[in-house]
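Structure first, commentary second.
Quick note on labels: first sequence line is chain A, next is B, and so on, each numbered from 1.
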2 protein chains.
Amino acid sequence: MSRLKHTKQFPAADHDHKTCIAHALQEAEAYCKQRGLRLTELRRRVLELIWANHQPVGAYDLLEQLTHEGRKAAPPTIYRSLDFLMQSDLIHRITSLNAYVGCNHPGLNHAAQFFICEDCGQAAEMDDAKIESAIAKDAKRLGFTVEKRTIEVAGICAHCKHHSNT
Amino acid sequence: MSRLKHTKQFPAADHDHKTCIAHALQEAEAYCKQRGLRLTELRRRVLELIWANHQPVGAYDLLEQLTHEGRKAAPPTIYRSLDFLMQSDLIHRITSLNAYVGCNHPGLNHAAQFFICEDCGQAAEMDDAKIESAIAKDAKRLGFTVEKRTIEVAGICAHCKHHSNT
DNA sequence: AATGTTACGTTATATTATAACAACATCCCA
DNA sequence: TGGGATGTTGTTATAATATAACGTAACATT
Ligand SMILES: [Zn+2]
Ligand SMILES: [Zn+2]
Ligand SMILES: [Zn+2]
Ligand SMILES: [Zn+2]
């Protein structure tokens, strides 16, 4: 079924993830209402599926889940929802994984960095001003106008490191 | 023919690129000999094609060029060469473009950052210790063991900015 | 030359993403 | 309230990137 099979954790060893989901959906709802964006049934469901955990999920994984739920869905269906959610700053695309993950600061259009565990598959979103400013400084020196950043660090998270006695 | 069509420049407004190519191939040759790696005719040619300019090039573009040169080539042919060149630290993969570019410090297995112009398509390789250390600091705080970095900044280079009167 | 190893050729297929157009829903105003 | 404009979803086809699997050829070592 799922193309990525991970079990362990990372963003917070034992947090109540139901709160993450509820919070994300609630924020999305409020943000869309405020901005006149239409968080349709489909888009809401896709966002919910993405927030099922902190592991970036692929478009075709989502597609398969929608199909299993009985909804008629082809690739464009899911990609359009993903586009909407990205443009609305509700999710991020993890380029190095071709996968999508919920945004921790919805509606903010911020530059983010990701630390991605190659063991448990979870992604931690950072917003480190130091990294941002270092890039800005380089850009200034180059005379380069920054449009989009892709900052993704892959490795092993603390939790997985301590439990690598599989 | 080429899937990416760019004409302008970026890494150095008017440098002698023949020197870049010659230098890269010479370094690769020496490095492979020294390490007992086999820089075959195919691999050497692929490296040369990649170094044709400072614009990351896609696998299927390379494939097409090889085919036009009369060589029998299918996707695995080119991907195997790309794998060799990456493992040998002679080229980098630009994740956000699904494309490949020559490495400025061949054989070094270094962390690099890329500034990529969305206009001319050229990529500038940086090795900014500040960015590196900012990431290392975050990683340490997280207890995260870094394996691989993907740092790619897209935008408009100085040269293209000054000539945007197209 | 015999042998083991590495590289390459070949066919088929997997994975990710988009183009193009039709059908349907929602919104807004007359 | 109707009816056109706009936005969303369904549908079919296909593009673009990448790998699996297996056979053959080249090379290296003895
Ligand atoms: Zn959570
Ligand atoms: Zn982990
Ligand atoms: Zn050059
Ligand atoms: Zn440029």
Any side-chain donor paired with an acceptor under 3.5 Å for B:H105 and B:D127?
-> yes
So, A:H92 versus A:E152: side-chain donor-acceptor pair below 3.5 Å or not?
->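 No - no donor-acceptor pair under 3.5 Å links their side chains.
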What is the distance from [atom1] of [X] to [atom2] of [N], rounded to the nearest Å?
| X | N | atom1 | atom2 | value |
| --- | --- | --- | --- | --- |
| B:L97 | D:dA16 | CG | P | 15 Å |
| B:I94 | D:dT17 | CD1 | P | 15 Å |
| A:L39 | D:dT8 | CG | P | 11 Å |
| A:D83 | C:dA19 | CG | P | 10 Å |
| A:L62 | D:dT9 | CG | C1' | 17 Å |
| A:L82 | C:dT18 | CG | C1' | 13 Å |
| B:N98 | D:dA15 | CG | P | 18 Å |
| B:R93 | D:dA16 | CZ | P | 17 Å |

Residue-phosphate contact under 4.0 Å: A:Y79 side-chain N/O, D:dA15 OP1/OP2 | no
Heavy atoms, side chains only, cut-off 4.5 Å: are A:V101 and A:V57 in contact?
-> no
Is the shortest heavy-atom distance from the side chain of B:R93 to the side chain of B:T95 under 4.5 Å?
->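 A side-chain contact exists here, since the closest heavy-atom pair is under 4.5 Å.
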Restricting to pairs with a member in residues 33-45 of chain A, which pass side-chain hydrogen bond (donor to acceptor under 3.5 Å, both in side chains), not counting sequence neighbours?
-> A:E29-A:R44, A:Y31-A:R35, A:R45-A:E48, A:R45-A:E69
Please work out which of the three classes, parallel, tilted or perpendicular, describes the rings of A:W51 and A:H54, given edges at 30° and 60°.
-> perpendicular
Under the criteria of a ring-centre distance below 5.5 Å and an interplanar angle below 30°, is B:Y60 stacked with the base of D:dT17?
->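 Yes, B:Y60 stacks on the base of D:dT17, since the ring centres sit under 5.5 Å apart and the planes are within 30°.
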Give me, pair by pair, the N or O atoms of the protein and of nucleotides 6-10 of chain C that are less than 3.5 Å apart, along with how far apart they are.
from, atom 1, to, atom 2, distance (Å)
C:dA7, OP1, B:R43, NH1, 3.1
C:dA7, OP1, B:R43, NH2, 3.3
C:dA7, O5', B:R43, NH2, 3.3
C:dC8, OP1, B:T40, OG1, 2.5
C:dG9, N7, B:R80, NH2, 2.5
C:dG9, O6, B:R80, NH1, 2.8
C:dG9, O6, B:R80, NH2, 3.4

